[in-house]
J.: 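For reference, the structure I am asking about is given below.
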Amino acid sequence: MKPEEIHRLAAYETFYWWFRARRELVVRWLRWFVPDRSGPLLDAGCGTGELLAQLTRAGYSCVGVDRSATAVAYAARRLPGRVAVGDVQRLGIGAATMAGVVGLDLLEHLPDDAVALREFHRVLQPGGWLLLTVPAYPFLWSEHDEALDHQRRYMMHAARRLVTEAGFRLEKYSY
């Protein structure tokens, strides 16, 4: 993402209805699908860290990684020592070490989204889980996608195939 978009995200993320509602949904989904909060969770593409902070407040043991030093600087203010600059396609985390991976609106930024999904699968413990969100419907492409440096939008069938080819078994998927 462009630095000005990261600064805008940091300014709006704590109070704007879209971000607040999405974070609440993520926590609700995790409590429903993953009631055990004891294992380590990776927020891949953690951005400015507000979701990471909310997951930590909800009792999850979390770490975050983002490729933007600007975003990580914001996140580090919220959770010192819990975030790092890094590439989600080469995490530098041992195999089978994470109980879960969250990747919200991340894959569309990557030139090769399949590489990141295989890397998430590699770092997950047996029985680990992945929670993803991606922007839907290529026909909705707009200047906003370009401002955020998106590479693509997804149709459900293509996203489902991408995730299953990386080795995941789907529990729930929807628009």
J.: With L132 as reference, evaluate L162, L117, D113 under the side chain to side chain contact (heavy atoms under 4.5 Å, CB included) test and give the passing residue.
T.: L117
J.: Between R23, E24, R31, which is the residue that forms a side chain to side chain contact (heavy atoms under 4.5 Å, CB included) with V27?
T.: R31
J.: Taking atom CG of L55 and atom OG of S61, what is their separation to the nearest 0.5 Å?
T.: 11.0 Å
J.: So does E4 have more than 12 non-hydrogen atoms from other groups sitting under 6.0 Å from CD?
T.: yes
J.: Any donor-acceptor pair under 3.5 Å linking the side chain of T133 with the backbone of D105?
T.: yes
J.: Within 45° of the six-membered ring axis of Y74 and under 6.0 Å from that ring's centre, is NZ or CZ of R77 located there?
T.: yes
J.: Under a plain distance cut-off of 3.5 Å, with no hydrogens placed, do D36 and S38 share a side-chain donor-acceptor pair?
T.: yes
J.: Using every non-hydrogen atom in the two residues, find where V85 and A69 come nearest and quote the distance to one decimal.
T.: CG2-CA, 3.8 Å
J.: Would a hydrophobic clustering, with Ile, Leu, Val, Met, Phe, Trp and Tyr connected at side-chain separations under 4.5 Å, put I6 with V72?
T.: no
J.: First locate atom CG of L106, then atom CZ of R67, and finally report the distance between them rounded to the nearest 0.5 Å.
T.: 8.0 Å
J.: Do you reckon L42 sits in the same ILVMFWY cluster as F168, going by side-chain contacts under 4.5 Å, direct or chained?
T.: yes
J.: So, the side chain of R37 versus the backbone of L30: is there a donor-acceptor pair under 3.5 Å, distance only?
T.: no
J.: What I want to find out is whether R57 reaches E50 closely enough, with some N-O distance under 4.0 Å, to be called a salt bridge.
T.: yes
J.: Less than 3.5 Å apart, which donor and acceptor atoms pair up between the side chains of residues 96-104 and the rest of the protein, not counting sequence neighbours?
T.:
residue, atom, partner, partner atom, Å
T97, OG1, G94, O, 2.8

J.: To the nearest 0.5 angstrom, please state how far the CG atom of L9 sits from the OG1 atom of T70.
T.: 12.0 Å
J.: Measure the CG-CG distance between L52 and L79 for me, rounded to the nearest 0.5 Å.
T.: 5.0 Å
J.: Check step by step if side-chain contact (heavy atoms from CB on, under 4.5 Å) holds for R8 and E5.
T.: CA-CA 5 Å; R8 186 175 294 124; E5 294 298 331; 2.7 Å; yes
J.: Go through Q54 and V26 one step at a time and tell me if the side-chain contact (heavy atoms from CB on, under 4.5 Å) criterion holds.
T.: CA-CA 10 Å; Q54 186 159 350; V26 167; over 6 Å; no
J.: Compare every heavy atom of Q89 with every heavy atom of P111, then report the nearest pair and how far apart it is.
T.: CD-NE2, 4.5 Å
J.: If you draw a 6.0 Å radius around CZ in R20, do more than 12 non-hydrogen atoms from other residues or ligands fall strictly inside?
T.: no
J.: What is the distance from atom CG of L140 to atom CZ of R153, rounded to the nearest 0.5 Å?
T.: 5.5 Å
J.: Where is the tightest heavy-atom contact between W129 and L41, given as atom of each residue plus distance?
T.: CH2-CD1, 3.3 Å
J.: Identify the heavy atoms of V83 and C46 that sit nearest to each other, and give their distance.
T.: CG1-SG, 4.1 Å
J.: Starting at CZ of R122, measure out to CZ of R90 and round the result to the nearest 0.5 Å.
T.: 11.5 Å
J.: If the plane angle is over 60° it's perpendicular, under 30° parallel, otherwise tilted; pick one for Y137 and Y175.
T.: parallel
J.: Donor-acceptor pair, H109 side chain versus L148 backbone, under 3.5 Å?
T.: yes
J.: Is the count of non-hydrogen atoms from other residues, nucleotides or ligands lying under 6.0 Å from F19 atom CZ greater than 12?
T.: yes
J.: Return the minimal non-hydrogen interatomic distance between E108 and R152, and the atom names on each side.
T.: CB-O, 3.2 Å
J.: To check you understand the geometry: which heavy-atom pair defines the closest contact between P40 and Q125, and what is its length?
T.: CD-NE2, 4.1 Å
